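One structure below.
Chain letters run A, B, ... following the sequence lines, proteins first and then strands; every chain starts at 1. The figures that follow rest on heavy atoms only: side chains count, while hydrogens, waters and symmetry mates do not. This is a predicted model, so every value here is computed, not measured.
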Amino acid sequence: SAVISQKPSRDICQRGTSLTIQCQVDSQVTMMFWYRQQPGQSLTLIATANQGSEATYESGFVIDKFPISRPNLTFSTLTVSNMSPEDSSIYLCSVLVATDTQYFGPGTRLTVL
Amino acid sequence: QKEVEQDPGPLSVPEGAIVSLNCTYSNSAFQYFMWYRQYSRKGPELLMYTYSSGNKEDGRFTAQVDKSSKYISLFIRDSQPSDSATYLCAMRNTGFQKLVFGTGTRLLVSP
């Protein structure tokens with residue numbers, strides 16, 4: 001497995017602002033992912049964070065809204081830009097470990113007013 | 001129609017009961033099946049990971065996959081109050097790492 005931390009754990013933000021969420025892993029991993037968990041809905045993949053290249057976004061998610069960085073094999077950031085109340089959600093990063101399974105971080109609970 | 005269907009519950013059982021949690025899916029290409037447990041205000045924790053059809057047992061937990069029926073189950077024996085959580089099923093295709101999740105079933109085990 002892997003130990004994953006996320007910062008911040010929660011935040012309350014104003015409409016129109018941006019928030020950057022950090023994800024740190026205790027070991028080098030090949031693949032990192034960002035998911036969104038909205039109330040009453042299933043976890044949905046936003047994008048795959050690629051080290052050294054642009055992230056790969058899923059249908060319905062765009063780079064301008066959710067820019068992602070991955071400067072090395074243990075760290076990634078997700079920015080939620082120009083936020084609206086509809087962006088209120090839990091944002092989770094996950095990593096793929098050698099056993100071909102994904103492990104999740106504790107999540108960042110975002111409320112947009 | 002959602003790719004993965006899961007009853008949201010809540011499912012309430014007394015301590016010691018056998019719990020059955022289920023998911024159905026529509027994509028026959030799914031080959032890998034997982035169950036995650038998520039406590040309130042925590043991230044999902046991997047419980048079981050199976051490939052293709054069959055059973056897998058780990059302690060009090062048994063995962064079953066029936067690909068012919070597109071139906072997966074998680075059984076919990078001798079349930080404990082500490083098992084109270086939301087259980088998420090997830091699955092993916094061969095060659096793709098994108099996980100497709102059910103909405104989760106909330107389980108409440110009363111002492």
Side-chain angles (χ1 to χ4, degrees), chain A residues 1-11 21-25 29-51 55-61 78 89-111, chain B residues 1-11 21-27 30-52 56 58 61 63 65 72 74 85-106:
Chain A
S1 64
V3 177
I4 306 165
S5 60
Q6 284 185 234
K7 290 182 181 179
S9 58
R10 55 170 48 208
D11 208 341
I21 302 168
Q22 299 178 5
C23 179
Q24 179 75 54
V25 193
V29 293
T30 53
M31 300 185 77
M32 297 180 74
F33 308 89
W34 287 97
Y35 286 81
R36 182 173 71 181
Q37 187 176 29
Q38 293 182 306
Q41 298 186 28
S42 52
L43 269 83
T44 302
L45 180 63
I46 297 171
T48 302
N50 301 310
Q51 196 265 330
T56 305
Y57 289 84
E58 295 298 310
S59 176
F61 298 97
L78 168 75
S89 185
I90 299 173
Y91 292 86
L92 296 144
C93 72
S94 76
V95 303
L96 186 70
V97 299
T99 52
D100 205 25
T101 53
Q102 287 187 36
Y103 290 85
F104 284 82
T108 295
R109 185 178 295 267
L110 171 62
T111 302
Chain B
Q1 182 189 6
K2 294 180 181 178
E3 273 193 291
V4 180
E5 299 278 359
Q6 186 175 11
D7 188 328
L11 175 63
L21 303 165
N22 311 292
C23 288
T24 59
Y25 61 95
S26 57
N27 188 346
F30 288 142
Q31 293 281 353
Y32 296 85
F33 304 91
M34 286 133 276
W35 286 94
Y36 287 84
R37 177 175 62 194
Q38 187 173 24
Y39 291 112
S40 180
R41 300 183 182 276
K42 302 288 186 183
E45 169 195 8
L46 181 66
L47 275 180
M48 301 290 282
Y49 175 70
T50 55
Y51 169 70
S52 196
K56 184 175 182 179
D58 184 1
F61 299 91
V65 175
I72 69 170
L74 178 70
T86 297
Y87 290 80
L88 307 166
C89 64
M91 47 202 78
R92 67 175 180 87
N93 298 3
T94 300
F96 295 90
Q97 294 298 338
K98 174 185 175 180
L99 295 180
V100 180
F101 281 84
T103 52
T105 299
R106 187 176 170 213

| message | Return the OG1 to NZ distance between A/Thr48 and B/Lys98, rounded to the nearest 0.5 Å. | response |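 That separation rounds to 9.5 Å.
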
Can you measure from CD1 (A/Ile90) to CD (B/Gln38) and round to the nearest 0.5 angstrom?
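These two atoms lie 6.5 Å from each other.
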
### Task
For chain B, find which of A/Leu96, A/Thr44, A/Ile4, A/Leu92 contributes the most heavy-atom pairs closer than 4.5 angstrom.
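Among the listed options, the one with the most contacts to chain B is A/Leu96.
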
At a heavy-atom distance under 4.5 Å, which candidate from A/Gln37, A/Gln41, A/Met31 has the highest pair count against chain B?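 So the answer, after comparing A/Gln37, A/Gln41, A/Met31, is A/Gln37.
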
For [X], is it the side chain, the backbone, both, or neither that has a heavy atom closer than 4.5 Å to a heavy atom of chain A?
| X | answer |
| --- | --- |
| B/Arg92 | side chain |
| B/Glu45 | neither |
| B/Pro8 | neither |
| B/Leu99 | both |
| B/Lys42 | backbone |

Open item on the list: Which heavy atom of B/Pro44 sits nearest to which heavy atom of A/Leu43, and what is that distance?
Closed with: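 Heavy atoms only, the tightest pair is CG-CD2, 4.2 Å.
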
Heavy-atom closest contact (B/Phe101 atom, A/Ser42 atom, distance):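 Shortest heavy-atom separation between B/Phe101 and A/Ser42 comes out as O-CB, 3.4 Å.
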
query = Checking A/Leu45 against chain B: side chain, backbone, both or neither under 4.5 Å from a heavy atom?
reply =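 Contact with chain B is through the side chain of A/Leu45 alone.
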
**Study point:** Verdict with supporting geometry, B/Met34 and A/Gln102, side chain to side chain contact (heavy atoms under 4.5 Å, CB included)
**Key:** CA-CA 10 Å; B/Met34 286 133 276; A/Gln102 287 187 36; over 6 Å; no

### Task
Mind checking side-chain contact (heavy atoms from CB on, under 4.5 Å) for B/Thr50 and listing every partner two or more places apart, or none if nothing turns up?
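For B/Thr50 the side-chain contact (heavy atoms from CB on, under 4.5 Å) partners, ignoring immediate neighbours, are B/Phe33, B/Lys56, B/Ala63, B/Val65.
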
